[in-house]
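Lettering of chains follows the sequences in order, A, B, ..., and the numbering in each one begins at 1.
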2 protein chains.
Amino acid sequence: MKADETRRKIVIAADHLFYEQGFENASFADIAQAVEISRGNFYYHFKTKDAVLAAVIEYRLDERKTMLRLWELEEDNPANRIKNFINILIANQTKIMAFGCPVGTLCSELAKLDHALKPEASGLFTLFAEWLEQQFAELGCGDQASDLAMHLLMRSQGVASLANTFQDAEFVRREVEAMYKWLDQQCPPKRPM
Amino acid sequence: MKADETRRKIVIAADHLFYEQGFENASFADIAQAVEISRGNFYYHFKTKDAVLAAVIEYRLDERKTMLRLWELEEDNPANRIKNFINILIANQTKIMAFGCPVGTLCSELAKLDHALKPEASGLFTLFAEWLEQQFAELGCGDQASDLAMHLLMRSQGVASLANTFQDAEFVRREVEAMYKWLDQQCPPKRPM
DNA sequence: GTCTATATGGGGATAGAC
DNA sequence: GTCTATCCCCATATAGAC
């Protein structure tokens with residue numbers, strides 16, 4: 001069906017525009033232009049802007065879930081899986097320096113708008129928090145797994161925020177290095193082999 | 001002069017509204033209503049919205065500078081001065097959980113708007129970074145002072161971001177505690193007295 | 001310095017032809 | 001399913017009376 005394809009194109013374009021320009025600032029006209037359809041046609045696929053936002057959040061959730069599954073398949077050492085997470089800051093450095101963290105900046109914007117979909121956006125953070133907690137648990141961190149997960153998520157957010165402000169690649173590199181080091185110090189393996 | 005007073009009221013109202021609703025989302029009508037003047041009168045004091053933003057940034061800079069000076073006057077131990085900084089997360093906890101960090105969220109929004117005043121807003125971060133660097137230098141951290149300042153600023157941002165998302169006071173308390181502990185481990189005093 | 005009235009533009013959203 | 005045309009609201013901004 002053609003409608004599904006157009007709808008998907010809209011979601012992907014909106015995903016980019018909401019990230020790079022912010023939800024409020026990105027207009028229907030911008031999205032329609034990016035997808036090369038008319039504004040009128042737009043409303044056949046989405047009745048309201050909030051409906052687009054809901055679809056974008058769902059899309060982002062799916063994408064992140066797929067990524068995390070992939071990491072689990074490719075790497076059975078939980079410490080290395082966590083390193084994959086930390087490494088997002090390097091892999092996406094250019095975009096992060098330009099636009100910040102896609103999850104953090106969306107949550108922040110929706111909080112100020114007092115938007116009904118804020119909890120849905122927060123779900124993106126919860127996804128990472130729970131996944132990290134699982135990895136720390138597998139590392140044998142027991143009770144601390146949840147706190148460690150939140151701590152790492154916090155550092156990732158802080159680095160993204162200052163990377164965006166100061167555009168300092170060396171700072172990012174240094175902090176990623178520090179996170180690796182911190183990770184090595186958590187829950188050292190009981191029986192080294 | 002009456003004009004100065006009205007202007008000041010406008011800046012203070014805009015400061016609050018830009019923080020709580022975001023720069024774009026807060027309208028002239030909102031500010032005018034808060035100050036109890038007409039929208040028309042507004043333009044006697046500020047020609048454009050960007051002019052209001054510039055005034056708000058300057059006002060915030062002045063406020064922060066005054067606060068930092070006060071901390072220097074009240075406390076001559078640099079470690080305790082740094083603790084004052086960390087403690088902002090507790091002192092302003094309610095507002096931070098509701099609206100995030102006023103500096104970080106403004107910088108983030110202006111980055112997405114590709115706004116001409118983004119560098120001015122970043123100056124708020126620079127103020128804190130340089131002040132913290134000075135404190136770490138006085139602590140005797142030498143070469144590391146700058147990196148330690150950025151690291152602490154990063155953690156403060158990360159905590160504010162997740163506090164806003166998850167509204168978890170216990171998380172904030174835990175992370176503040178961790179920052180205190182981290183601080184104690186940096187540049188231990190050479191001659192304990 | 002403050003007001004009311006108004007211009008202007010953009011954004012979300014709808015109606016109806018094709 | 002896609003289009004053009006249009007409506008309506010709200011925001012920035014201006015003009016001019018008081």
Subject >> Nearest-Å distance for atom pair NE2/C1', residues A/H45 and C/dG12 >> reply: 17 Å
Original post:
Between B/R173 and B/E170, is there a salt bridge with N-O shorter than 4.0 Å?
Top reply: yes
Original post:
From C/dA13, C/dG1, D/dA13, pick the nucleotide closest to the side chain of A/Y43?
Top reply: C/dA13
Original post:
Could you give the CG-to-P distance, from A/L17 to C/dG11, as a whole number of Å?
Top reply: 12 Å
Subject >> A/N164-A/S161 side chain donor-acceptor pair, cut-off 3.5 Å >> reply: no
Subject >> A/K112 and B/E109 ion-paired at < 4.0 Å >> reply: no
Original post:
Can you find a side chain N or O atom of B/T48 that sits less than 4.0 Å from OP1 or OP2 on D/dT12?
Top reply: no
Original post:
Would one find a side-chain N or O of A/Y44 under 4.0 angstrom from OP1 or OP2 of D/dG1?
Top reply: yes
Original post:
Which whole-number value in Å describes the distance from A/F42 CZ to C/dA15 C1'?
Top reply: 18 Å
Original post:
What's the CZ-P distance between A/R8 and D/dG1, to the nearest Å?
Top reply: 17 Å
Original post:
Within this structure, what is the CZ-to-C1' distance between A/F46 and D/dT2, rounded to whole angstrom?
Top reply: 16 Å
Subject >> A/Q134 and A/E130: side chain donor to acceptor below 3.5 Å >> reply: no
Original post:
Taking for each residue the nucleotide of DNA chain C with the nearest heavy atom, is it B/G40 or A/G40 whose nucleotide lies nearer the 5' end?
Top reply: B/G40
**OP:** Output yes when at least one side-chain N/O atom of B/N41 is less than 4.0 Å from OP1 or OP2 of C/dG1, else no.
**Re:** no
Original post:
Once you round it to whole Å, what is the distance between P of C/dG10 and NZ of A/K49?
Top reply: 15 Å
Subject >> Within the 6.0 Å centroid threshold, strictly below: B/Y43 and B/F28 >> reply: yes
Original post:
Whole Å only: how far is the CZ atom of B/R39 from the C1' atom of C/dT2?
Top reply: 14 Å
**OP:** Kindly say if A/K2 contacts the phosphate of D/dT2, meaning a side-chain N or O under 4.0 Å from OP1 or OP2.
**Re:** yes
Subject >> Sugar-phosphate, base or nothing in reach of A/F28, heavy atoms under 4.0 Å >> reply: sugar-phosphate
Subject >> Candidates D/dT12, C/dG11, D/dT2 - which lies nearest the side chain of A/S27 >> reply: C/dG11
Original post:
Once you round it to whole Å, what is the distance between P of C/dG11 and CG of A/N25?
Top reply: 9 Å
